[in-house]
Amino acid sequence: MVQDRTPTVIVTGASSGVGLYTTKALIERGYHVVMACRNLTRAGEAAQKVGLPQGSYTIKQIDLGNLESVRRFAREFSASGRLFQALVCNAAIYMPLLKEPLRSPEGYELTMTTNHLGHFLLCNLLMDDLKKSPLPDKRMVILGTVTHNPDEPGGKVYPRPDLGELEGFAAGFKDPITMADGKKFEPVKAYKDSKVCNVMTMRELHRRFHDSTGITFSALYPGCVADTPLFRNHYPLFQKLFPLFQKYITKGYVSQELAGDRVAAVTVDPEYQQSGAYFSWGNRNSKNRNVFVQKVSPQARDDERAVRLWDLSANLVDCETAVVN
């Protein structure tokens, strides 16, 4: 069992992009970070590349697209004895060029499993550990995206997210069903749908657990990180032109380092201790100035649908802790 009593934050997908720079920013604030990553070798190389001090982080394997891997990670962390401060649900996959869906070992569409179901399960499995932590300010943070909200300019691009009546969840995503709304597979929509689910999960976590646990549950959109490795599976030309478009046309570009600092701030800084909030930034080039609580999409603020999503997700991941306290 670990004897180090430095407050610990778990960051999923910490081997690259926003997750890596979130890790760096948290370490600079004095926290120990558990880098929860699928590829341990890549995570170790990334930690050395950005100069993370030895002893300031621990790399642990997790595959959010494999629910048994999520359970194993949670068991091992619970047994570690670390002083638990916060969980950052950052990891995501985006595979816009797929013609046919990939599936998790459980048979679920892989984007929804990795981005939503894996994090849903992880939050629930670690809830008791975080609740019992003696630290006074404990948080769970989920990364959002502008594309979850068709009311925002960046969310108007087709295909738009639509969970329908959660037909896919109700059917258990059994072959050939792959989409939340039960319709034909569309890889870009699968990503956007999963991010709507992330925001709904944050809001439902707040409703179910904030009053009884004191944990702060929040989400954020850290800005358009146009050169994030999230786009590694897109066309090479898109990867080249999209950052230029965001830098010089829309002026919406945010660096990975700035986005990581924003995530770290929402995770531990006192001014962001507001449960149920979805944070965004008005001045895209500022560090933490002009931050505001943004209204989420109509689907994401549908409380009745959020309750049903919670119950159906709990059934899919076989999660006994998903109950109202």
Side-chain angles (χ1 to χ4, degrees), residues 2 4 6-65 69-70 73-74 76-78 80 82-93 114-116 118-123 125-127 129-130 133 135 137-145 198 201-202 205 215-222 225 228-230 255-269 272 279:
V2 174
D4 181 7
T6 305
T8 294
V9 178
I10 298 171
V11 179
T12 67
S15 63
S16 64
V18 176
L20 176 61
Y21 284 98
T22 297
T23 298
K24 185 173 185 289
L26 286 166
I27 289 171
E28 290 171 351
R29 283 167 165 81
Y31 293 86
H32 185 94
V33 177
V34 172
M35 301 173 68
C37 305
R38 184 171 52 187
N39 188 316
L40 301 185
T41 300
R42 183 186 300 165
E45 292 171 349
Q48 292 182 17
K49 183 177 179 180
V50 298
L52 302 186
Q54 288 293 325
S56 66
Y57 63 93
T58 302
I59 300 173
K60 299 293 291 184
Q61 202 277 335
I62 189 172
D63 181 353
L64 274 299
S69 174
V70 175
F73 173 90
E76 291 177 358
F77 180 79
S78 296
S80 70
R82 289 201 171 274
L83 194 58
F84 197 9
Q85 177 86 44
L87 168 65
V88 179
C89 297
N90 162 77
I93 59 171
T114 302
N115 300 357
H116 166 58
H119 281 127
F120 175 87
L121 177 60
L122 185 63
C123 287
L125 292 177
L126 294 178
M127 183 72 67
D129 292 295
L130 194 55
S133 172
L135 296 171
D137 180 9
K138 298 165 288 189
R139 307 186 196 183
M140 285 189 177
V141 176
I142 298 177
L143 271 287
T145 171
N198 284 160
T201 297
M202 177 277 292
L205 282 164
I215 298 169
T216 296
F217 302 97
S218 60
L220 76 153
Y221 172 55
V225 190
T228 171
L230 180 68
S255 70
Q256 297 176 46
E257 190 166 9
L258 175 56
D261 191 82
R262 288 174 173 178
V263 177
V266 171
T267 304
V268 298
D269 288 2
Y272 297 94
F279 294 102

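Positions are given from 1, in the same order as the sequence printed here.
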Practice task
Tell me, please, which residues at least two apart from Asp129 pass salt bridge (charged side-chain N to carboxylate O under 4.0 Å, His left out).
Solution key: none
Handout entry: For Lys60, salt bridge (charged side-chain N to carboxylate O under 4.0 Å, His left out) partners two or more places apart
Key = Glu76
State which residues pass side-chain hydrogen bond (donor to acceptor under 3.5 Å, both in side chains) with [X]; sequence neighbours excluded, sorted by chain then number.
| X | answer |
| --- | --- |
| Asn198 | Lys195 |
| Thr8 | none |
| Glu45 | none |

Practice task
Find the distance between SG (Cys89) and CE (Met140) and round it off to the nearest 0.5 Å.
Solution key: 7.0 Å
Problem - Interatomic distance, Met35 atom CE to Leu40 atom CG [nearest 0.5 angstrom] - result: 10.0 Å
Exercise for the section: Not counting sequence neighbours, which residues clear side chain to side chain contact (heavy atoms under 4.5 Å, CB included) with Ile10? List them please. Expected result: Val34, Ala36, Phe73, Phe77, Phe84, Leu87, Leu126
Handout entry: Exam field: side chain Arg139 to backbone Thr216, donor-acceptor pair closer than 3.5 Å
Key = no
Handout entry: Ser56 versus His32, side-chain donor and acceptor atoms under 3.5 Å
Key = no
Exercise for the section: Establish, from distance only, whether the side-chain atoms of Thr201 and His119 form a donor-acceptor pair under 3.5 Å. Expected result: no
Completion exercise
Test side-chain contact (heavy atoms from CB on, under 4.5 Å), reference Tyr21, set Val50, Asp261, Val263, Leu26, output is Val50
